[in-house]
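In this text, all values refer to a predicted model and were calculated from it rather than measured experimentally. A note on names: the letters A, B, ... follow the listed sequences, proteins ahead of strands, and every chain is numbered from 1.
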2 protein chains.
Amino acid sequence: MRGMTDRNDSQESLLALDRQVCFALYSAQLAMSKVYRKLLRELDLTYPQYLVMLVLWEQDGQTVSGIGERLFLDSATLTPLLKRLEGAGLLQRQRSRQDERQVAVVLTEQGHKLREKAEAVPESVMCATQCSPDELERLRDDLHNLRERLAS
Amino acid sequence: MRGMTDRNDSQESLLALDRQVCFALYSAQLAMSKVYRKLLRELDLTYPQYLVMLVLWEQDGQTVSGIGERLFLDSATLTPLLKRLEGAGLLQRQRSRQDERQVAVVLTEQGHKLREKAEAVPESVMCATQCSPDELERLRDDLHNLRERLAS
DNA sequence: GCATCTTATATAGCGCGCGATTTAATCGCA
DNA sequence: TGCGATTAAATCGCGCGCTATATAAGATGC
């Protein structure tokens with residue numbers, strides 16, 4: 001009966017924490033956001049705010065739902081976040097003329113300028129992962145794949 | 001100059017959203033938690049609550065910080081969560097006799113019983129991922145690895 | 001024995017993420 | 001033209017996850 005404690009029994013179970021992909025994903029994401037929190041403090045951005053800025057640096061003037069489709073977030077999450085970024089002077093929210101339902105999100109001078117500071121972030125993160133670029137690309141593609149399958 | 005739009009230029013940049021491992025991780029985690037939300041509605045658990053239950057099903061009677069070490073969460077997150085689980089009748093929080101600073105978290109009858117319902121969850125999730133067990137194990141190990149490196 | 005340090009938990013406040021609902025603008029179609 | 005259906009944002013409420021701080025119990029040193 002050696003080793004037959006509750007703990008060891010449970011390692012065999014499908015419910016064992018360390019066997020769950022979900023927990024591996026969850027805890028890796030927590031760890032990643034901790035790394036970003038530290039790096040982004042210098043830019044006065046939160047991690048989701050940084051993602052929104054990435055979207056806008058790619059293409060300025062997108063609508064709220066356009067940003068949402070890119071990040072898989074809805075207006076309930078984005079509206080308050082965008083208001084905070086507007087409050088910080090990084091962007092402006094303006095109702096579209098053609099379709100008054102839509103709100104275009106446009107970077108300010110300051111918002112564009114922040115990009116320069118942000119350029120340093122990806123390298124710091126890659127360094128923090130202690131992974132090779134190849135490993136990271138593979139993991140990234142696996143995760144994109146997983147996301148797509150989970151969403152279907 | 002064909003194809004030289006803002007958007008295409010930015011795909012080359014290190015800041016391109018779709019090149020970020022962080023975003024792949026973030027969006028996969030969002031998608032995963034959506035899958036769990038749906039499945040866990042039947043158990044009246046949130047995703048983090050489910051993780052806490054996994055920890056307690058593995059070993060009952062752990063302290064708050066013991067659970068926290070396992071899940072990489074601290075008391076600021078766990079205390080309110082545990083109070084909600086206590087309110088739902090799944091566990092009890094009791095101060096330790098030996099060390100009055102510690103709080104032991106003990107499953108109730110109902111908390112133990114919920115495990116039976118939970119047994120069905122992992123298979124549903126594996127199905128939702130549309131991945132082979134091998135693929136999932138590899139991804140899980142890669143993520144554990146990443147988490148460890150990020151935390152160091 | 002007592003002050004000081006450390007540790008375990010709890011609390012307060014903020015920013016997500018999201019389900020549910022609301023408001024307002026546009027579309028479809030008779 | 002007008003009216004119901006659809007769409008885009010916004011709002012509300014809740015549960016995390018975290019920083020900072022508080023409280024209280026144990027450990028340590030003199």
* Asked: Using a cut-off of less than 4.0 Å, is there contact between a side-chain N or O of A:Ser65 and OP1 or OP2 of D:dA9?
  -> yes
* Length of the CE-P vector between A:Met53 and C:dC16, whole Å -> 13 Å
* To do: Under 4.0 Å between any heavy atoms, over every strand shown, what does A:Thr63 touch: base, sugar-phosphate, or nothing? Just pick one.
  => sugar-phosphate
* To do: Would you kindly give the CG-to-P distance between A:Leu81 and D:dA9, to the nearest whole Å?
  => 15 Å
* **Side chain of A:Arg101 - closest among D:dA8, D:dG26, D:dG15** => D:dA8
* Heavy atoms from other residues, nucleotides or ligands near CD of A:Gln130 exceed 12 (cutoff 6.0 Å) -> yes
* d(CD, B:Gln62; C1', C:dT9) in whole Å -> 16 Å
* Under 4.0 Å between any heavy atoms, over every strand shown, what does B:Lys38 touch: base, sugar-phosphate, or nothing? Just pick one. => nothing
* **Distance, rounded to the nearest Å, where A:Phe72 contributes CZ and C:dC16 contributes C1'** => 18 Å
* Across the strands shown, which category fits A:Arg93 at heavy-atom distances under 4.0 angstrom: base, sugar-phosphate, nothing? -> sugar-phosphate
* To do: Among C:dT7, C:dC18, D:dA10, find the nucleotide with the atom closest to the side chain of A:Ser75.
  => D:dA10
* Find the distance B:Tyr26:OH to D:dC16:P and express it as a whole number of Å. => 17 Å
* Under 4.0 Å between a side-chain N/O of A:Tyr47 and OP1 or OP2 of D:dC18, yes or no? -> no
* To do: Kindly point out which of C:dA10, D:dC18, C:dC18 is positioned nearest to the side chain of B:Val103?
  => C:dA10
* Relative to the ring of B:Tyr47, is the ring of B:Tyr36 parallel (under 30°), tilted (30 to 60°) or perpendicular (over 60°)? -> parallel
* **Presence of A:Gln49 side-chain N/O under 4.0 Å of C:dC16 phosphate oxygens OP1/OP2** => yes
* Asked: Under the 3.5 angstrom rule, does the side chain of B:Arg19 hit a backbone N or O of B:Glu12 as a donor-acceptor pair?
  -> yes
* In terms of side-chain heavy atoms of B:Arg95, which of C:dA10, D:dC16, C:dA8 is nearest? -> C:dA10
* To do: Go through the steps for B:Glu86 and B:Gln92 under the test side chain to side chain contact (heavy atoms under 4.5 Å, CB included), then give the verdict.
  => CA-CA 6 Å; B:Glu86 186 173 37; B:Gln92 289 198 317; 4.3 Å; yes
* **Residue whose nearest DNA chain D nucleotide is more 5′ - A:Arg41 or B:Pro80** => B:Pro80
* Thinking salt bridges, do A:Arg70 and B:Asp18 make one under a 4.0 Å N-O criterion? -> yes
* Asked: Looking at the side chain of A:Arg37, which of D:dT19, C:dT11, C:dT6 is the nearest nucleotide?
  -> D:dT19
* Roughly, in whole Å, what's the span from CG in B:Leu40 to C1' in D:dG15? -> 14 Å
* D:dT11, D:dA25, D:dC18: which one has an atom nearest the side-chain heavy atoms of A:Ala76? -> D:dT11
* Structure fact -> Walking DNA chain C from its 5' end, the first of A:Ser96 and A:Thr46 to be reached, judged by nearest nucleotide, is A:Thr46
* Whole-Å distance between D:dC14 P and B:Arg84 CZ? -> 11 Å
* Structure fact -> Correct closest heavy-atom pair for A:Leu15 and B:Ala118 would be CD2-O, 3.6 Å
* Heavy atoms under 4.0 Å, any strand shown: does B:Leu30 hit a base, just sugar-phosphate, or nothing? -> sugar-phosphate
* Heavy atoms under 4.0 Å, any strand shown: does B:Gln29 hit a base, just sugar-phosphate, or nothing? -> nothing
* Structure fact -> In whole angstroms, the gap separating P of C:dA8 from CG of B:Leu82 amounts to 16 Å
* Between D:dA25, D:dT11, C:dT26, which nucleotide has the shortest distance from any of its atoms to the side chain of B:Asp99? -> D:dA25
* Asked: Which one, D:dT19, C:dC16, D:dA9, comes nearest to the side chain of A:Thr77?
  -> C:dC16
* Relative to the ring of B:Phe72, is the ring of A:Phe23 parallel (under 30°), tilted (30 to 60°) or perpendicular (over 60°)? -> parallel
* Asked: Of the nucleotides C:dC18, D:dC16, C:dT9, which one has an atom closest to the side chain of B:Val64?
  -> C:dT9
* Structure fact -> Winner on side-chain proximity to A:Glu100, out of C:dA10, C:dC18, C:dA25, is C:dA25
